[in-house]
Amino acid sequence: DRKECCLEPTYRYSVELIEKLEAELEVPFPWEKYAQVPVADYLYGAMENTTATVFGDFFHVDNRAYLDRNYVEVNAHELVHQWFGDYVTARSFAHVWLQESFATHYARFLIGQLWGPDYYHWGRRTEHTLALAASQKDNLPIVHPNPGYARIYQKGSAVLDMMRYTFGNETFRRVITHYLRKHAYDVVETNDLYQAFQDAAGLSPAEFFEQWLYRGGEPHYRVRYQPIEKGGKAFTQVIVEQIQDTAIGLFRMPITLAVHYRGGGYDTVRALIRERREVVEVPNPNKKPIAFVLFDPGGWILKQVTFDKSVEELLAQLEGAPALLDRYDALLALRKVPLSAKREALLAAYQREKFWGLRAEIAAQLAADPANQAFIRQALRDPHPQVRFAVLANLNPLPASLLPDLEALLQDSSYVVEALALERLSEAFPRRVPQYLKKTADDLGVGHSVRIKHLEIAALHGDRAAVDKLVDYASVSFEFRTRQNALRALKALNLLPPNLLPHLFDALLSPNARLATVARECVDYWMQQTRFRQTLQNYYQQRSWSPAEKAVLAPLFEYKAPTFYQRSS
Ligand SMILES: [Zn+2]
């Protein structure tokens with residue numbers, strides 16, 4: 001029974017999560033019971049109703065699907081809300097970060113507890129990237145009636161990390177425990193957290209709250225350095241400038257500078273960076289030659305950095321930086337460096353790195369080098385599916401000499417890898433399609449992803465029955481992810497059979513926006529083609545619709561005179 005085999009992987013770690021969170025917060029689970037309720041066609045990921053979290057049944061996964069996507073982090077996020085959200089509740093939406101940022105932050109904390117610190121740091125980087133992307137659009141602060149998703153989830157979570165970094169982990173924990181106990185079963189606002197810093201730690205972090213919570217924007221540092229001598233002593237002089245827009249203002253943060261030397265060893269200074277231009281001197285008592293310099297090692301501060309480094313420095317950083325994220329930054333900067341200058345270093349780093357995220361980045365860069373077959377063969381068998389995926393996605397063209405290794409991926413433990421292997425192999429070696437289809441005939445995948453890819457390829461190779469099956473998967477008999485996948489496959493095939501029309505219109509009118517959006521993309525695409533436009537408009541006009549349905553459909557299908565030329569305005 002499919003349901004039975006989903007139970008353990010779906011709810012994996014549920015008990016450990018509660019125990020670890022109670023230990024971190026030093027506040028026991030505040031309710032009498034905890035239930036989790038999977039529901040069909042859920043509009044969001046999940047919802048933290050007090051004592052009864054509801055979540056989308058697309059998180060119901062078996063052991064294989066678990067590898068690609070699972071409920072663990074969402075499980076943790078909603079669990080945290082039983083404290084931050086339900087036990088203490090934001091007074092108004094302007095303070096909702098007291099719920100969402102905390103749920104995001106502690107979920108990542110718990111993932112780090114379960115799977116190790118690399119996962120914690122990797123999650124931090126993802127949050128920084130999303131928070132900085134939001135600042136491309138506006139600079140609204142976190143404490144604001146409508147600051148946007150990335151502020152109340154990711155940026156706020158990063159701010160909690162910066163609290164740990166700035167005030168110390170134990171101080172942070174003491175403050176949070178005090179804050180929770182003091183406001184138990186009550187409403188809170190941002191100032192209550194500030195008060196907790198005063199009450200529990202004797203701190204008045206007005207500046208920190210001002211620059212990170214009440215004001216928007218992030219610092220952008222420009223960094224460069226040079227070795228200098230003063231009175232016979234050697235220093236590394238680091239010049240730090242804040243070059244963000246003056247409207248954002250200056251930030252005042254303690255930042256670590258670490259100077260690493262050739263042959264090992266390093267010196268470090270933690271300096272308060274507050275002016276537009278600061279000069280920090282890091283003593284180099286043994287007058288060693290510099291290998292590379294790190295600004296904010298470990299990447300704790302939410303920021304942009306412009307810090308040009310030579311290929312030699314980047315390779316040294318990739319090999320010698322203690323923190324995962326600094327080695328990852330070196331890899332990102334190496335993307336634009338030609339393979340000949342980095343190949344050996346990347347090959348060595350691949351063997352060294354324990355965390356899949358770094359191996360996936362290395363594999364993506366080295367896959368552009370099909371000459372190195374020994375490496376590609378090894379990476380295609382990497383224990384982590386995201387690494388195998390990265391090689392397969394970046395290998396171009398697929399070399400025939402690697403056929404046995406590539407075809408082995410048709411039986412990969414990850415459905416995502418299997419579906420990509422099926423697609424890429426069928427494209428590259430069309431004469432072998434019948435045997436590829438045979439090999440993958442029994443697998444379904446999440447949202448029937450493998451099955452639907454299988455049918456799409458079969459249809460492309462003339463199997464008419466496959467089209468009917470795709471139409472069936474687009475119908476109300478299936479959950480929305482299967483319907484999304486089927487609609488996308490039919491769009492890719494550019495096929496609009498008449499028996500799809502009722503399912504397509506049902507999807508367009510679905511209250512589930514994720515399904516309706518995909519249906520709309522299909523309609524927009526087909527409406528551009530004369531033969532399909534007629535079919536769609538006829539179906540729309542020959543039926544009667546309720547006023548609500550008409551409001552959705554009319555803008556899509558009502559007759560518009562074709563324009564003879566594009567007006568310029
Ligand atoms: Zn939440």
Side-chain angles (χ1 to χ4, degrees), residues 38-45 47 54-58 60 419 444-567:
V39 294
D41 263 324
Y42 198 51
L43 274 77
Y44 312 106
M47 182 67 212
V54 161
F55 68 100
D57 64 357
F58 40 82
H60 238 230
L444 295 181
V446 180
H448 293 79
S449 56
V450 175
R451 182 83 193 123
I452 285 169
K453 182 55 72 185
H454 180 277
L455 292 169
E456 182 187 327
I457 290 164
L460 196 62
H461 288 261
D463 181 349
R464 295 184 64 87
V467 179
D468 285 333
K469 284 181 194 148
L470 284 173
V471 170
D472 193 37
Y473 279 135
S475 76
V476 283
S477 313
F478 292 91
E479 45 77 38
F480 79 93
R481 288 219 288 184
T482 299
R483 300 183 70 188
Q484 285 179 319
N485 288 335
L487 285 171
R488 288 197 183 109
L490 288 161
K491 177 174 173 245
L493 291 163
N494 203 19
L495 289 176
L496 176 54
N499 55 350
L500 178 67
L501 289 164
H503 311 320
L504 180 64
F505 276 71
D506 175 83
L508 280 173
L509 294 168
S510 170
N512 185 336
R514 288 187 256 199
L515 176 59
T517 303
V518 173
R520 226 198 133 100
E521 283 163 13
C522 292
V523 166
D524 287 344
Y525 181 64
W526 285 324
M527 282 295 282
Q528 291 165 27
Q529 302 170 54
T530 315
R531 56 192 168 134
F532 294 140
R533 189 189 307 134
Q534 210 72 60
T535 312
L536 288 163
Q537 281 176 333
N538 286 346
Y539 188 87
Y540 169 67
Q541 279 152 8
Q542 286 158 11
R543 273 152 195 83
S544 58
W545 308 98
S546 74
E549 290 168 340
K550 208 160 182 175
V552 175
L553 299 176
L556 296 174
F557 299 112
E558 266 175 9
Y559 178 78
K560 292 182 207 90
T563 43
F564 183 71
Y565 59 87
Q566 207 81 41
R567 261 182 230 155

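A heavy-atom distance below 4.5 Å is found between the side chains of Leu496 and Leu504. Between Asp41 and Asp57 there is no side-chain heavy-atom pair separated by less than 4.5 Å. Side-chain contact between Phe505 and Glu549: absent, with no pair of heavy atoms (C-beta onward) separated by less than 4.5 Å. Between Glu456 and Arg488 the shortest side-chain heavy-atom distance does not fall below 4.5 Å. The shortest side-chain heavy-atom distance between Met527 and Leu536 falls under the 4.5 Å cut-off. The shortest distance between side-chain heavy atoms of Pro502 and Tyr539 falls below 4.5 Å.
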Item to complete: Would you sort out whether His448 and Asn485 count as a side chain to side chain contact (heavy atoms under 4.5 Å, CB included), showing the intermediate values?
Response: CA-CA 8 Å; His448 293 79; Asn485 288 335; 5.7 Å; no
Fill in: Working for side chain to side chain contact (heavy atoms under 4.5 Å, CB included), residues His503 and Val476
CA-CA 7 Å; His503 311 320; Val476 283; 5.6 Å; no
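Note that CD1 of Ile457 and CG of Asp463 are 12.0 Å apart. Values are rounded to the nearest 0.5 Å. Note that the CG atom of Asn538 and the CZ atom of Arg533 stand 12.0 Å from one another [nearest 0.5 Å]. Between atom NZ of residue Lys550 and atom CZ of residue Arg543 there is a gap of 14.0 Å, rounded to the nearest 0.5 Å. For the atom pair CZ (Arg451) and CG (Leu470), the distance works out to 9.0 Å, reported to the nearest 0.5 Å. Asp472 contributes atom CG, which lies 10.0 Å from atom NZ of Lys469 (distance to the nearest 0.5 angstrom). Taking OG1 of Thr482 as the reference point, atom CG of Leu487 lies at 11.0 Å (rounded to 0.5 Å).
In this structure, Glu479 and Gly447 approach most closely via the heavy-atom pair OE2-CA, 3.7 Å. When all heavy atoms are compared, the tightest approach of Ala474 to Arg483 is O-NE, 2.9 Å. Counting all heavy atoms, side chain and backbone alike, Leu43 lies closest to Pro511 at CD2-O, 3.9 Å. Of all heavy-atom pairs spanning Ala507 and Ala519, the tightest one is CB-CB, 3.7 Å. The two residues Val467 and Ala459 come nearest to each other via the heavy atoms CG2-CB, 3.8 Å. Scanning both residues, Ala489 and Ile452, for their nearest heavy atoms gives CB-CG2, 3.7 Å.
In this structure a side-chain-to-backbone donor-acceptor pair under 3.5 Å is present from Arg481 to Phe58. The backbone N or O of Tyr44 sits less than 3.5 Å from a side-chain atom of Arg514, completing a donor-acceptor pair. Using modelled atom types, one side-chain atom of Thr535 and one backbone atom of Arg531 make a donor-acceptor pair closer than 3.5 Å.
Counting heavy-atom neighbours within 6.0 Å of Gln534 CD, excluding the residue itself, gives a total of 12 or less.
Between Phe557 and the options Phe532, Trp526, Tyr540, a ring-ring contact (aromatic ring centres under 6.0 Å, His included) holds for only Tyr540.
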